[in-house]
Amino acid sequence: MSTPTDLVGPGVRQRAGSSTRTRLTLRTIALVYLGLLVVGPVALMTYSAFADGLRPVIETLTDRAFLHALKLTLIILAIAVPLNTIFGIACAIVVVRQDFRGKRVIDSMLALPLGVSPVVVGLALILVYGARNGWVGPWFMEHGYRIIFSTPAMVLATIFVTLPFVAREVIPVLREIGTDQEQAASILGASPWQTFWMITLPAIRTGVAFGVVLTAARALGEYGAVAVVSGKLAGRTETLTLHVEERWLAFDPVAAYTTSLVLAAMAIAILVIMRRLTPKEH
Amino acid sequence: MLNVADRPAAATHPRNVAPAVHSFGAPLLRGAVGAWMAVIVVIPLFAVAVAAFRRGPEGFWSAISNPQTVAALGLSFGASFVVVLINIVVGTVIAWVMIRDTFPGKFVVDALIDLPFALPTIVAGLTLIALYGPKSPVGINVAYTRAGIVLALLFVTLPFVVRSVQPVLAEIDEEMEEAAFSLGAGGWTAFRLVILPNLLPAILSGAGLAFAKAIGEFGSVVLISGNIPFKTEVGAVNIFNQIENDNVAGAAAISVVLLGMSMVMLIIIAIIEQRGGRHEHAH
């Protein structure tokens with residue numbers, strides 16, 4: 001995803017063929033499209049949040065419901081991201097370094113969460129973990145654990161939608177580095193675990209980091225899947241994205257805009273990290 | 001860290017399988033990965049399929065042939081189709097501008113393209129409603145219309161075609177384009193005959209991903225569409241309402257149809273990517 005300008009080289013400037021007019025026309029189309037679709041709306045929302053001064057913004061940011069939503073979002077992030085990072089690395093090792101039947105199944109399953117509507121993810125979790133009619137929900141309920149309409153379901157939904165990101169980033173890197181160094185390490189007497197920590201992990205760390213960032217971005221912004229399983233109980237099962245919707249529907253646009261800006265700021269921070277991480281690979 | 005010199009190493013181990021290194025605990029790791037995938041993804045999705053046919057094929061059919069549901073699924077399909085067509089044209093133009101053009105502030109534009117990836121969908125919908133909703137300062141109001149749905153889907157699918165085409169376009173030699181020009185081909189002819197055939201797999205793969213995203217989209221659409229049955233209610237919102245009304249079997253049936261549509265798309269992409277890969281190796 002980097003700016004591939006450097007790939008194009010010096011030939012760019014002395015464009016013999018494509019006329020200046022074509023180039024300017026296409027540039028205008030691209031910029032106007034992005035302006036109308038992305039820049040305009042985001043800029044107006046930023047402006048609207050601050051339109052009545054700083055006071056309402058500060059009130060929103062210190063409001064209990066907002067703070068609770070922020071906390072819940074961070075808790076979900078803190079559980080889902082590490083779990084999917086460990087899974088993603090393990091999955092990549094299994095898919096690239098191991099040879100067994102069913103490997104292709106795992107490989108193709110990795111594309112699955114990307115094609116499932118968030119609402120369907122929520123429905124799927126209700127069907128398995130629902131307290132009344134779910135497959136295992138009633139059992140958990142008997143033992144005192146509520147899954148649906150509670151934090152565990154929101155964590156599960158987030159894990160589902162972010163499942164493939166780390167694996168999909170690490171798999172190509174693992175393929176690329178080959179096994180020479182790993183084999184050398186093991187010949188020199190390193191245990192598999194030592195080989196992993198000292199050879200494999202350092203070699204794939206950029207891919208891992210990129211995957212973690214993508215996972216965090218998606219986890220932060222997930223709305224549909226979480227909306228279905230949360231029950232939207234204000235102050236209890238409300239994440240930041242749900243809080244945005246709740247405030248908007250309660251005719252409190254400034255709070256909705258302000259919360260949106262907090263999410264947008266996090267999203268932009270994530271974009272900046274992504275850019276730092278991708279000198280050439282993406 | 002990963003330079004070209006590393007590549008031959010990978011080539012000498014074409015299958016990249018090193019039983020000597022990771023054999024310890026390999027079946028255990030494999031089992032853990034498979035189990036995690038089963039618990040998180042496979043079993044829940046299987047539960048959807050089971051619930052969809054809980055009342056037999058008739059139950060399934062009656063759920064998905066409900067006129068309101070048919071309208072919602074049709075709208076999702078139609079809007080996604082329109083959005084993909086727009087993305088194919090504008091996405092390719094943006095990719096071309098990002099690769100072949102230089103202008104001040106280009107890096108900002110490049111970052112803007114990724115913004116819809118990172119921005120939560122509900123926030124995307126809200127920003128659009130702020131500018132193009134009932135209180136629009138520019139006097140455009142597409143709230144509660146199908147145009148609003150298309151707008152929201154265009155926002156969330158912006159990066160797909162652009163990011164898919166960009167790297168391929170960067171590798172196409174500009175001399176090839178120039179050769180076409182110098183032989184007297186006009187801009188459009190050169191593009192159509194020289195560049196487009198090379199870009200087509202990338203364009204289609206991006207378009208397929210955009211379609212899969214658009215067909216099930218919920219967060220960005222839900223606020224701007226107003227969810228009026230038969231008019232602006234999309235498939236995902238229809239499923240959501242069925243769940244709220246405690247009709248999980250009906251919701252599951254519609255989900256299966258929606259899943260089917262995006263699976264077909266993902267399979268088509270996989271085929272295109274495989275062909276594209278083979279094509280590359282042939283060079």
Side-chain angles (χ1 to χ4, degrees), chain A residues 1 3-4 7 11 16-17 22-23 26-27 29-30 33-34 37-38 40-42 44-45 48 87 90-91 94 96-99 109 111-112 115 117-120 123-125 127-128 159-160 163 175-176 178-180 182-183 186 192 195 217 221 223-224 241 244-245 260 263-264 267 270-271, chain B residues 2 9-10 13 16-18 20-22 24 26 29-30 33 36-37 40-41 44-45 47-48 51 90 93-94 97 101-102 107 110 112 114-115 118-123 126-128 130-131 154-155 163 166 170 174 177-178 181 187 212 216 218-219 236 239-240 243 251 255 258 262-263 266:
Chain A
M1 278 178 211
T3 3
L7 296 176
T22 316
R23 198 152 44 90
L26 293 177
R27 187 197 298 175
I29 293 172
Y33 185 81
L34 291 170
L37 193 62
V38 182
V42 174
L44 180 67
M45 189 188 69
S48 307
F87 164 81
C91 185
V94 165
V96 178
R97 293 284 193 261
Q98 297 189 1
D99 208 6
M109 281 291 167
L112 202 55
S117 172
V119 180
V120 178
L123 172 67
L125 292 174
L127 289 168
V128 175
I159 291 177
F160 186 118
L163 188 83
R175 283 221 170 96
E176 183 112 0
T179 55
D180 281 3
E182 287 171 9
Q183 276 173 339
S186 88
T195 309
Y223 166 76
T241 50
V244 169
E245 188 211 12
S260 293
L263 282 165
I270 284 169
L271 279 184
Chain B
L2 292 168
H13 300 278
N16 251 302
V17 178
V21 180
H22 285 291
F24 172 78
L29 193 65
R30 208 179 289 167
V33 165
W36 181 251
M37 233 169 194
I40 299 292
V41 177
L45 287 183
V48 174
V90 185
V93 168
I94 295 175
V97 169
D101 200 0
T102 38
F107 71 99
D110 196 47
L112 275 179
D114 282 334
L115 192 60
L119 205 65
T121 51
I122 190 87
V123 175
L126 200 60
T127 64
L128 291 173
L131 184 53
L154 283 176
F155 189 104
R163 292 308 186 208
Q166 244 181 325
E174 214 178 350
E177 269 174 79
E178 279 165 19
F181 281 123
F218 179 70
I239 296 173
F240 188 86
I243 300 170
S255 299
L258 212 54
S262 61
M263 284 309 121
L266 288 177

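Considering only heavy-atom pairs separated by less than 4.5 Å from chain A, the leading option among B:Ile239, B:Ile122, B:Ile243, B:Val123 is B:Ile122. Taking chain A as the reference chain and counting heavy-atom pairs below 4.5 Å, the highest number among B:Ala212, B:Ala130, B:Ala47 is found for B:Ala47. The most heavy-atom pairs under 4.5 Å with chain A, out of B:Leu128, B:Thr127, B:Leu45, B:Val90, come from B:Thr127. Per-residue counts of heavy-atom pairs under 4.5 Å with chain B were compared for A:Ile29, A:Val128, A:Leu125; the largest is that of A:Val128. Comparing B:Gly219, B:Ala118, B:Ala251 by heavy-atom pairs within less than 4.5 Å of chain A, the highest count is held by B:Ala118. Note on A:Ala124, A:Pro41, A:Gly221: by heavy-atom pairs under 4.5 Å with chain B, the leading option is A:Pro41. With respect to chain A, the highest number of heavy-atom pairs below 4.5 Å among B:Ile94, B:Ile40, B:Leu119 belongs to B:Ile40.
Scanning for side chain to side chain contact (heavy atoms under 4.5 Å, CB included) contacts around A:Pro118 gives A:Arg218, A:Glu222, A:Ala225, with sequence neighbours left out.
Contact annotation for A:Leu123: both backbone and side-chain heavy atoms come within less than 4.5 Å of a heavy atom of chain B. Interface residue A:Thr241: backbone and side-chain heavy atoms are both found under 4.5 Å from chain B. Residue contact with chain B, scored on non-hydrogen atoms closer than 4.5 Å, involves the side chain of A:Leu34 exclusively. Interface remark: B:Val33 contributes backbone and side-chain atoms alike to the contact with chain A (heavy atom separation under 4.5 Å). Both the backbone and the side chain of A:Phe160 come within less than 4.5 Å of a heavy atom of chain B. Proximity to chain B involves both the backbone and the side chain of A:Val38, based on heavy atoms less than 4.5 angstrom apart. Using a 4.5 Å cut-off between heavy atoms, A:Leu44 touches chain B through its side chain atoms alone.
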Step-by-step side chain to side chain contact (heavy atoms under 4.5 Å, CB included) determination, A:Ile159 to A:Phe87: CA-CA 10 Å; A:Ile159 291 177; A:Phe87 164 81; over 6 Å; no
Audit row: A:Leu112, B:Met37, side chain to side chain contact (heavy atoms under 4.5 Å, CB included) steps and yes/no: CA-CA 11 Å; A:Leu112 202 55; B:Met37 233 169 194; over 6 Å; no
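Looking at B:Ser262, its side chain does come within 3.5 Å of a backbone N or O of A:Gly115 through a donor-acceptor pair. A:Ser117 places a side-chain N or O within 3.5 Å of a backbone atom of B:Gly216 that can act as its donor or acceptor partner.
Under the 4.0 Å criterion applied to side-chain N and carboxylate O atoms, B:Asp110 and B:Arg163 are assigned as salt-bridge partners.
A:Tyr223 is not listed as a side-chain neighbour of A:Leu263, based on a closest heavy-atom distance of 4.5 Å or more. Proximity of A:Met45 to B:Leu131: side-chain heavy atoms (C-beta onward) are nowhere separated by under 4.5 Å.
Distance CZ/A:Arg175 to CZ/A:Arg97: 10.0 Å, rounded to 0.5 Å.
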